[in-house]
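We number each residue from 1, following the sequence as shown. All ligand and atom numbering here is 1-based and tracks the order in the structure.
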Amino acid sequence: MNIVTCIAPVNIAVIKYWGKRNEDLILPLNDSISATLNMDQMRATTTVMASPNFTEDKIWLNGKEEAFLTNPRLLNCVREIKVIAKQNSSAEENKMLDWHIHICSENNFPTAAGLASSAAGYACLVYALAQLYGVKGDLSTVARQGSGSACRSIYGGFVQWHRGMEGDTEEARGSFAEQLVNESHWPELRIVILVVNDVKKKTSSAIGMKRSTETSELLRHRIQISVPRRIEAMKKAIREKDFETFAEVTMKDSNQLHAVCLDTYPPAVYMNDVSHSIVELVHAYNSYLGKTEVAYTFDAGPNACLFLMEKNVSDMLSLINYAFPHSNGEGYFRGIPITTRPLPEDIHSSLNVKPHRADLLKYIIQTKLGPGPRQIEEHLLNSSGEPI
Ligand code: PMV
């Protein structure tokens, strides 16, 4: 087969990756842990095709042709997969390694929403290339070289990305992702993404983390003290399905990431007023319940990602709806169907929640844990290698 199509998931970190010790190999300063989201709701789809008739390598992203040869991360991923393939493949597959390739990739969620699209995209590309060239074994060290967080999208469930050892001659190979538990480990866990309406262009995560590495003293404390402790606490909480600890560590780690970003000089600001209102609402709701039932986390953007048990989704979203009214009809609630219900009368007064102005949120997606990438049969390229 000279054409392969795969789908790959988005992942959301609960212990964040922030900062590299090697920019070229994308070796991180710290371990991180993430949840892989279900591909029924959000996924990247990538077709890769090799042919002796192609005259150059080409790539189309979300319907638009993009430069191939000037994208170093894309070139790294293709080169690395080919290196491994050359060592292991059959003569037939080896012939294919000399042919040019066409790549066509799309996300079923807006790239501009800042929802870890590069992680799903690079994981999908690397996984598809591996199927094309018959490469077996761990692909996370290759996906890492596309976008750091992409290495975690190679596996389902909860995944740990190991930073790897310093001074290791096999340093690049020592930094890999590993599944902690699979997607069926915690079936009641739900993930709700609140996509915040925001037009402001943010500093990219690559630039933000480089600047933090160079200037933030708090980042050094985070790497040396906070993260090692939190990784252990998080692994235990996940293993034991201890939601309260899981939630507390998740929120503290997100807050610390954004504190590091403010400690960066000049500061990198990712959360906005709506993000901070969501943080307040979650804490108010947890203290109303007298128990930590909902956790938030924020990446390099204003969107909130909430973790909670299935039984609490309806109440939490009723509260979100009250606090963030919307005029959007169809398409506002996406993913796993959401039913809201009237909240107890006392909740608004005891939480002291007032409705904000309308339409601060763009839409809401409910999803859950999911598996890693897999191959599918419907291609995005036709038999001559052009996008369908
Ligand atoms: O992989 P990148 O370069 O897109 O960086 C991701 C950084 C965060 O999303 C903020 C944290 C993480 O661990 O995913």
Side-chain angles (χ1 to χ4, degrees), residues 8-37 42 44 71-74 76-77 107 109 111-126 140-155 158-163 175-178 180 191 193 195 202-213 216 219 222-223 226-227 230-231 234 249-264 267-271 275 296-305 307:
V10 166
N11 75 77
I12 300 287
V14 289
I15 304 288
K16 306 292 188 189
Y17 146 57
W18 197 250
K20 302 178 185 66
R21 62 183 200 276
N22 181 319
E23 291 271 338
D24 298 329
L25 295 171
I26 314 198
L27 296 171
L29 287 172
N30 63 283
D31 281 27
S32 53
I33 294 179
S34 59
T36 296
L37 307 188
M42 291 160 80
N71 183 339
R73 291 173 165 207
L74 171 63
N76 283 350
C77 288
N107 298 321
F109 55 94
T111 314
L115 293 170
S117 53
S118 69
Y122 275 108
C124 205
L125 168 72
V126 168
S140 70
T141 56
V142 182
R144 192 197 72 226
Q145 296 181 55
S147 160
S149 57
C151 72
R152 298 184 311 232
S153 278
I154 292 290
Y155 298 104
F158 277 100
V159 180
Q160 178 173 4
W161 174 13
H162 299 271
R163 74 186 289 284
S175 180
F176 62 95
E178 175 192 31
L180 293 173
I191 297 131
I193 300 169
V195 179
K202 303 281 168 192
T203 315
S204 75
S205 58
I207 292 178
M209 65 175 85
K210 183 161 191 287
R211 218 192 278 160
S212 298
T213 307
S216 171
L219 181 63
R222 169 173 168 75
I223 302 305
S226 314
V227 172
R230 285 181 188 156
I231 288 281
M234 182 58 83
V249 178
T250 297
M251 292 189 275
K252 285 184 173 171
D253 200 70
S254 171
N255 293 340
Q256 192 184 51
L257 165 72
H258 294 278
V260 164
C261 290
L262 288 183
D263 186 47
T264 295
V269 181
Y270 294 111
M271 292 170 69
S275 320
Y296 53 77
T297 186
F298 295 82
D299 280 342
N303 303 321
C305 183
F307 286 87

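The shortest non-hydrogen separation linking Ala143 to Tyr122 is O-CB, 4.4 Å. Nearest heavy-atom pair across Ala150 and Ala123 is O-CB, 3.7 Å.
When only modelled atom types and interatomic distance are considered, Thr297 and Lys16 share a side-chain donor-acceptor pair under 3.5 Å.
Just one residue in the list Asp299, Asp31, Ile26, Val227 forms a side chain to side chain contact (heavy atoms under 4.5 Å, CB included) with Tyr17, and that residue is Ile26.
The side-chain contact (heavy atoms from CB on, under 4.5 Å) test applied to Ser34 returns Asn11, Ala13, Arg152, Val159, not counting sequence neighbours.
In this structure, ligand 1 sits under 4.0 Å from heavy atoms belonging to Ala13, Lys16, Tyr17, Trp18, Ser118, Ser147, Gly148, Ser149, Arg152, Ser205, Met209, Asp299, Ala300.
Heavy-atom contacts from other residues, nucleotides or ligands closer than 6.0 Å to NZ of Lys210 number 12 or fewer.
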